[in-house]
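Counting starts at 1 for both ligands and their atoms, in listed order.
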Amino acid sequence: MARRRARPLRSVTSFARVRQAVRAFKARGLSVAFVPTMGALHAGHLSLIVRAAGSADRVVVSIFVNPLQFGPGEDFRKYPRDFARDRALLARVPADLLFLPRPDEFYPEGFDTRVSVGRIAEPLEGRARPGHFEGVATVVARLLLGVEPDILWLGQKDAQQVAVLGRMIEDLGFPMTLRVGPTVRERDGLALSSRNARLTPAERREAPFLHRALRAGAAELRKSARGVPAARRAMRAVLRKARLGRVDYAEVVDPRTFRPPGAAARTVLLLTAVRFPSARLIDNLPVRLPAAGPGRGRRRA
Ligand code: AMP
């Protein structure tokens, strides 16, 4: 049921309160959608919240910068935090409940459990950021058990996160549906990200190369005659023009396995990650293949 006007937003900081509020919604027969975030909100987050409001009667948003998903050399301390701005933005969208977990309740003294993620979390982001997906799965499992939503909304922007959490929800039997919102972009194609604010003007000029590279790869795949290796080459050729960024990866995978797509793949995912001095950026593009499929264009005698 779509609702256009924003409603008064209530904030809670404890698991007991969020559970109580969600159970009260459900006791009235209302369905609940949940959008977990790390704050520093932008139009990508807001579009997920609007979609969530279209999918359920009530929307819960969480803001929690989760230390577990940042590696030792990563940007946990520098991650942008602007709570006053976040609150103002949330007043414009149909969110009903803001959950701001307290770190001491989230990870009390003695907290010692991790959700172990499988093969889907190994390549790409998993390789570049050891321990990242285990941290993500642990925090999201804890949030889902606390919030008990009917629907979880995640962004396509973090495609491997969607795959890892989709697996977790299915494998562990979390009683909810996963929905995925498309990536919201700047006019020049740059995917919105809280980390974009940290880019220098020169880095910002090069940042759209990620999306440009994905589109170049997609164009090769659509030709089908040249296949996956040509798509990879096309992506890398565009990314080489980014002088300030170092390419972590530019790959084509099967979105269900995150492994190289097999001959039967109908949809593939192009992904790239580029490390600029001020921020590391990721982006991806799902592509539906033409009937011939990838890598099957080699001429046969
Ligand atoms: P984060 O605050 O970065 O953890 O993101 C919270 C949620 O917003 C995740 O499900 C992200 O995938 C999603 N998200 C982040 N950036 C975008 C974007 N540009 N478009 C759509 N969803 C996004």
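- For atom 10 (O) of ligand 1, the closest non-hydrogen atom on the protein side is G155 N, 2.9 Å.
- D112 and Y107 are not linked by any side-chain donor-acceptor pair at a separation below 3.5 angstrom, with hydrogens and angles left out of the test.
- Counting the atoms of ligand 1 from 1 in the order shown, those under 4.0 Å from a heavy atom of D158 are 11 (C), 12 (O).
- Heavy-atom contacts of L48 reach the following atoms of ligand 1: 7 (C), 8 (O), 10 (O), 13 (C) (cutoff under 4.0 Å).
- Looking only at distances, no side-chain donor or acceptor of E105 sits under 3.5 Å from a matching main-chain atom of R102.
- When non-hydrogen atoms are compared, ligand 1 lies under 4.0 Å from neither the backbone nor the side chain of R185.
- Nearest heavy-atom pair, R119 versus R259, reported as atom, atom and distance to 0.1 Å: O-NH2, 3.0 Å.
- By the 4.0 Å heavy-atom criterion, P182 is counted among the residues contacting ligand 1.
- Remark: R198 engages D75 in a salt bridge, criterion side-chain N to carboxylate O under 4.0 Å.
- Side-chain contact between V60 and V35: absent, with no pair of heavy atoms (C-beta onward) separated by less than 4.5 Å.
- The shortest N or O to N or O distance between M38 and ligand 1 is under 3.5 Å.
- By heavy-atom distance, the residue among Q69, H45, Q161 lying nearest atom 8 (O) of ligand 1 is H45.
- For ligand 1, the atoms lying closer than 4.0 Å to a non-hydrogen atom of L154 are 10 (O).
- Shortest contact from atom 23 (C) of ligand 1 to any protein heavy atom: K157 CB, 4.0 Å.
- For atom 18 (C) of ligand 1, the nearest non-hydrogen atom from the set L41, L190, V184 belongs to V184.
- Distances from ligand 1 to the non-hydrogen atoms of A43 include no value under 4.0 Å.
- Side-chain contact check for T183 and Q156: no donor-acceptor pair (N or O, by modelled atom type) lies under 3.5 Å.
- Only the backbone of P36 comes within contact range of ligand 1, with a heavy atom under 4.0 Å; no side-chain atom does.
- Other residues sharing a hydrophobic cluster with V184 under the 4.5 Å side-chain heavy-atom criterion for ILVMFWY residues are L192.
- Every residue was checked against the salt bridge (charged side-chain N to carboxylate O under 4.0 Å, His left out) condition with R212, not counting sequence neighbours, and none meets it.
- Among the atoms of L192, some N or O lies under 3.5 angstrom from an N or O of ligand 1.
- Here's the thing with G39: none of its N/O atoms is less than 3.5 angstrom from an N/O atom of ligand 1.
- Of the protein's heavy atoms, Y79 OH, 3.9 Å lies nearest to atom 3 (O) of ligand 1.
- Remark: aromatic rings of F106 and F15 are close, center separation under 6.0 Å.
- For the pair E134 and R129, the salt-bridge criterion is not met [side-chain N within less than 4.0 Å of a carboxylate O].
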